[in-house]
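Computed from heavy atoms alone, side chains included, the values below leave out hydrogens, waters and symmetry copies. Just follow the structure's listing: the first ligand is 1, and inside any ligand the first atom is 1.
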Amino acid sequence: MTAQMQNAVKNPVLVVDFGGQYTHLVVRRIRELGVYAIVEPFTKLERLDPSSYKAVVLSGSHKSVVSLDPLISEGVHKILYQSRTPVLGICYGHQLIARVLGGAVSKDCGEYGRTRIRVLEEDPLFKGWEMENVVWMSHGDCVDRLPDHAKILALSENGYIAAFKAEINGRPIYGVQFHPEVSHTAKGLILFDNFLRIIEAPRAWTPQAYLSLVLEEAMKELSQTSGKAVAAVSGGVDSAVAAVIAQKAIGSRLIPVFVDHGLFRENESREVLDLLRRVGLDPIYVDARERFISKLEGVVDCEQRRRIIGEEFAKVFDEIMEKEGADTFVQGTIYPDIVESGTHLSEKIKTHHNVAGLPAWFREKYRVVEPLKYLYKDEVRKVGEILGIPHDILARHPFPGPGLAARIVGPFTREKLEICRRASRIIEEVLKNYGLYDKVWQAFAVVGEDKWVGVKGDSRRHGFIVIVRVVESQDAMTADYTKLPYEVLDEISRRITVEIDNVTMVAYAVTTKPPSTIEPC
Ligand code: XMP
């Protein structure tokens, strides 16, 4: 690792998580600009030493600053007055700073969605911005008074304080009421870039640099294993990259294992094994299809299914590890898996089988190594490119650990599984034919309980409804449905109803995430 990179990793930008919806996006934006950023929950505020960070960003929250937790207040006071680390407050963070500085925050002065703001003062934070700008607001409270030493930099069209600056201990403290991290704030990235310039952060977080960091950490962790390590590979980008890294670290002591849970798409397990062999991973194939499917049959609750799959995975791998004499387990957990499993402050959205679903006994029995746990998917893909992993693996759509079980609504049945498997394959094929597969994040079929009366070959059929879901996303934390041309939808619909006998209706899912999630289950 270069000296500059070492410094950047030792001295990252800290984003404090107060449970806000966009915290992860702040981290992403900063990393996109070449600066390493990490997130820590506010519950650690007391124990954090602000001087070990290049800057501190206080992010959003669903809570109100009007009734402020004294521990938060003390923690922020320490950051503002007992250090020289620059601070940027966003939304809740903006109000938090104003309040701790001695200003006032009121209730019932919310602004939501696209809002115009007027920049009043020339300041390096707003370099490159117009006088009038459209930003994204999402707040119920607002700052209505600042202490005398703080300067208002911008006002919203409703007259609320949209940005301010204070100087304490010779360094800037900024607050912005809007969300520069969301793409609806057109010049948001410029604002982050300006902030990083103000704090003189070196731009050292390049794909090559973080690959060396990931490798170094993996070497450190894996060198502790005396014997063998088992890597769970599924053919997905994350597990393939994690296994290649682990193989680089310990060579033939790494045993890649592909567990077929029977929840893959059509022909997928064969294709996956071929793909993995091409990157030098020659996994042991374990046929556990019946074990998983028989346990899932009839289970309605999605979370219960996820737990069953997590538990079964652990049991299968436990048996393999015992047999192989391995003491370390390598898996491709990435940062959003951890965030969405609710291990931070954000609410649990889904139990990702590899995180919250992996039972405690397994983590106690084996050393679990997750070399990619601080990376986002696009960062993993960049690491994969540098490692020379072929494009067709890196470009594969993300596929959930619980496989097609995440796409069956209502009781899990073999019939629905089969429909889902075949319909998903058709959707992928059509998108590939139209050159759209690589342009979308995921494309798949969902099968529920609802039926639709149809006519097939002049006779009445009471068939299933298949919902087609095609989304675009950068990191799966938010997503938009793809506006597919009608001819593509038409071909998908025709092929599914012709090729799958017991389907009589195809629908297209047109809801973004949020409020939906990508997978239905
Ligand atoms: P949702 O449905 O929560 O999914 O919007 C976000 C992304 O995560 C994938 N996903 C999973 N990936 N284990 C995984 O490795 C899981 O348990 C899991 N559940 C969902 C999903 O396909 C989407 O890309």
Quiz prompt | Flag, side chain of Thr115 to backbone of Gly113, donor-acceptor distance under 3.5 Å | solution =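 Confirmed, Thr115 side chain pairs with Gly113 backbone.
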
Quiz item: Counting distance only, does the side-chain N/O of Ser138 pair as donor-acceptor with the main-chain N or O of Tyr112 below 3.5 Å?
Solution: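 No: the side chain of Ser138 does not pair with the backbone of Tyr112.
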
Quiz item: Between Phe362 and Phe329, how do the two ring planes meet: parallel, tilted or perpendicular, split at 30° and 60°?
Solution: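 The rings of Phe362 and Phe329 stand perpendicular, inter-plane angle above 60°.
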
Practice problem: Return the set of residues passing side-chain contact (heavy atoms from CB on, under 4.5 Å) with Arg367 (not counting sequence neighbours), or none when no residue passes. | Solution: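 By the side-chain contact (heavy atoms from CB on, under 4.5 Å) rule, Arg367 matches Gln224, Thr225, Asp327, Thr328, Val369.
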
Quiz prompt | Contacts of Glu364 that satisfy side-chain contact (heavy atoms from CB on, under 4.5 Å) - sequence neighbours left out | solution =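 With neighbours one apart ignored, the set is Ala360.
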
Quiz prompt | ligand 1 contact by Arg306, heavy-atom criterion under 4.0 angstrom | solution =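 The answer is yes, since Arg306 has a heavy atom less than 4.0 Å from ligand 1.
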
Quiz prompt | Close approach, Pro402 and ligand 1, non-hydrogen under 4.0 angstrom | solution =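 So Pro402 counts as touching ligand 1.
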
Practice problem: For Lys513, take its heavy atoms, then give the atoms of ligand 1 lying under 4.0 Å from any of them. | Solution: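 In order of numbering, the contacting atoms are 1 (P), 3 (O), 5 (O), 6 (C).
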
Quiz item: What atoms of ligand 1 come closer than 4.0 angstrom to any heavy atom of Trp441?
Solution: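 Those of ligand 1 that fall under 4.0 Å from Trp441 are 24 (O).
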
Exercise. Out of Gly236, Gly401, Ser234, Ala405, indicate the one that has the non-hydrogen atom closest to atom 14 (C) of ligand 1.
Key: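 The residue whose heavy atom sits nearest atom 14 (C) of ligand 1 is Gly401.
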
